[in-house]
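The structure appears right after this line, and notes come after that.
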Amino acid sequence: IQNGQFLVGVQGEADVEGRGAGSVVDTYGSSTVIADAGGALGSLRIIDGAELYSGGLTIGAGYHDPGYGQNAPALGELIIDGGTVNSGAASLGERALGGGFASVVGGNWWINGGDLLVGNEGAGLVEIGSGGTVDSNGNDVQIAAAGGSQGRIDVLGGGALEAGSLTIGGGYHDPGYGQNAPALGELNIDGGSVNSGAVSMGDTALGDGFASVRNGDWRINGGGLLV
């Protein structure tokens, strides 16, 4: 895919699957959007040794302008089950209408050259299960970035999250970005492991952060824990 975005579910519904070793989807640095406009549904599955190479990756964009999209959720999902995804910066729930879900089991998601936003202005959920790894390569991970967003990362038995600095409940609100409403961020570690840099929970007055560790590990390197 060259010289343009890879859009999976523009205003309607779309489903793409890459399955098996040797199956490769490559955007040659262009961005991938799963569920672009309000009302769209998109699913991208990378399974059993398949690979995806992408520039920026947006899951559940939720764009809504006059003549484009509906005033309805845009629901996108990325399923990595034994496959590998290499992407640039990633955002789940890009706009207020966006809802993004990602599941990583027995495979890897490498995020290069940008941050991972789980709930930017909308809602985002990442589940990392057995044998799954999400690695931001030292870039920031934000869970519930803007005011009004909701974000959660679940790191389950045998799963691993590698992050740079980690913000849980950002609550950022500027003209044109975010709402004057709480940002609800949550990190649940249940049998998995997290390695991160400095951690901030409830980073602004609108930020609300929660973290739970059960039968797992959370190692904070190169910075403090601000609660």
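The shown structure was predicted, so the numbers you read here are calculated from the model rather than taken from an experiment.
- Closest approach of Ser30 and Gly4 over heavy atoms only: CB-O, 3.1 Å.
- Residue pairs that meet the salt bridge (Lys or Arg N to Asp or Glu O under 4.0 Å) test with at least one member in residues 144-164, sequence neighbours left out, are Arg152-Asp154.
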Listed pairs under 3.5 Å, donor-acceptor, residues 92-103 side chains, sequence neighbours left out:
unit_1 : atom_1 : unit_2 : atom_2 : d
Glu94  : OE1    : Ser91  : OG     : 2.6
Glu94  : OE1    : Asn120 : ND2    : 3.2

| task | Start with the C-alpha gap between Asp203 and Gln142, add the side-chain angles, then the distance that decides, and say whether side-chain contact (heavy atoms from CB on, under 4.5 Å) holds. | result | CA-CA 10 Å; Asp203 200 43; Gln142 296 183 30; over 6 Å; no
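- Taking CG of Asn221 as the reference point, atom CG of Asn195 lies at 6.0 Å (rounded to 0.5 Å).
- The heavy-atom pair separating Ala183 from Gly147 by the smallest distance is CB-CA, 4.3 Å.
- Scanning both residues, Ala146 and Ser149, for their nearest heavy atoms gives O-OG, 2.6 Å.
- Residues Val194 and Val141 are members of one and the same hydrophobic cluster, defined by side-chain heavy-atom contacts under 4.5 angstrom among Ile, Leu, Val, Met, Phe, Trp and Tyr.
- Rounded to the nearest 0.5 Å, atoms OG1 (Thr32) and CG (Leu57) are 6.0 Å apart.
- Under the rule for a side-chain hydrogen bond (donor to acceptor under 3.5 Å, both in side chains), Glu13 has no partner lying at least two apart in sequence or in another chain.
- Hydrophobic clustering of Ile, Leu, Val, Met, Phe, Trp and Tyr side chains at less than 4.5 Å, counting indirect connections, unites Trp218 with Ile153.
- The closest donor-acceptor contact from the side chain of His173 to the backbone of Gly178 lies under 3.5 Å.
- Hydrophobic clustering (ILVMFWY, side-chain heavy atoms < 4.5 Å, transitive): Val104 and Ile143 are in one cluster.
- To the nearest 0.5 angstrom, Ser196 atom OG is 8.0 Å from Leu161 atom CG.
- With sequence neighbours excluded, no residue forms a side-chain hydrogen bond (donor to acceptor under 3.5 Å, both in side chains) with Ser136.
- Other residues sharing the hydrophobic cluster of Leu41, ordered by chain and number and joined by side-chain separations under 4.5 Å: Leu75.
- With sequence neighbours excluded, no residue satisfies side-chain hydrogen bond (donor to acceptor under 3.5 Å, both in side chains) with Gln150.
- With sequence neighbours excluded, no residue satisfies side-chain hydrogen bond (donor to acceptor under 3.5 Å, both in side chains) with Asp135.
- Between Gln5 and Ser31 the shortest heavy-atom distance is NE2-OG, 3.1 Å.
- Side-chain contact between Asp208 and Met201: absent, with no pair of heavy atoms (C-beta onward) separated by less than 4.5 Å.
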| request: For Val134 and Ile111, run side-chain contact (heavy atoms from CB on, under 4.5 Å): C-alpha distance rounded to whole Å, both residues' side-chain angles, the deciding distance at 0.1 Å, then the answer. | output: CA-CA 8 Å; Val134 175; Ile111 300 165; 4.2 Å; yes
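- Criterion: ILVMFWY side-chain heavy atoms under 4.5 Å apart, direct or through other members. Under it, Leu52 and Val126 are part of a common hydrophobic cluster.
- Not counting sequence neighbours, Ala89 has no partner by the side chain to side chain contact (heavy atoms under 4.5 Å, CB included) test.
- Across all non-hydrogen atoms, the minimal contact from Ile46 to Glu51 is CG2-N, 3.8 Å.
- Cluster annotation: Val24 is not connected to Val8 through the hydrophobic network of ILVMFWY side chains, with a link wherever side-chain heavy atoms come within less than 4.5 Å.
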| task | Dump the intermediate steps for side-chain contact (heavy atoms from CB on, under 4.5 Å) on Ile34 and Phe6, then the final yes or no. | result | CA-CA 8 Å; Ile34 308 171; Phe6 180 30; over 6 Å; no
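- Membership of the apolar cluster around Tyr68 extends to Leu7, Val10, Val33, Tyr63, as traced through chained side-chain contacts below 4.5 Å between ILVMFWY residues.
- Interatomic distance, CG of Leu125 versus CD1 of Ile59, reported as 10.5 Å (0.5 Å rounding).
- With sequence neighbours excluded, the residues that form a side chain to side chain contact (heavy atoms under 4.5 Å, CB included) with Asp140 are Asp115, Ser165.
- Within the model, atoms CG of Leu78 and CG of Leu44 stand 5.5 Å from one another, a figure rounded to the nearest 0.5 Å.
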| Criterion side-chain contact (heavy atoms from CB on, under 4.5 Å) on Arg45 and Ile80, from CA distance to verdict | CA-CA 6 Å; Arg45 298 189 299 278; Ile80 305 169; over 6 Å; no
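- Note that CG of Leu156 and CD1 of Ile128 are 8.5 Å apart. Values are rounded to the nearest 0.5 Å.
- The side chain to side chain contact (heavy atoms under 4.5 Å, CB included) check on Asn86 picks up Tyr53, Thr84, Trp110, Asn112, with sequence neighbours excluded.
- When all heavy atoms of Ala35 and Gly42 are compared, the pair lying nearest together is CB-N, 3.9 Å.
- Ser23 meets the side chain to side chain contact (heavy atoms under 4.5 Å, CB included) test with Ala50; sequence neighbours excluded.
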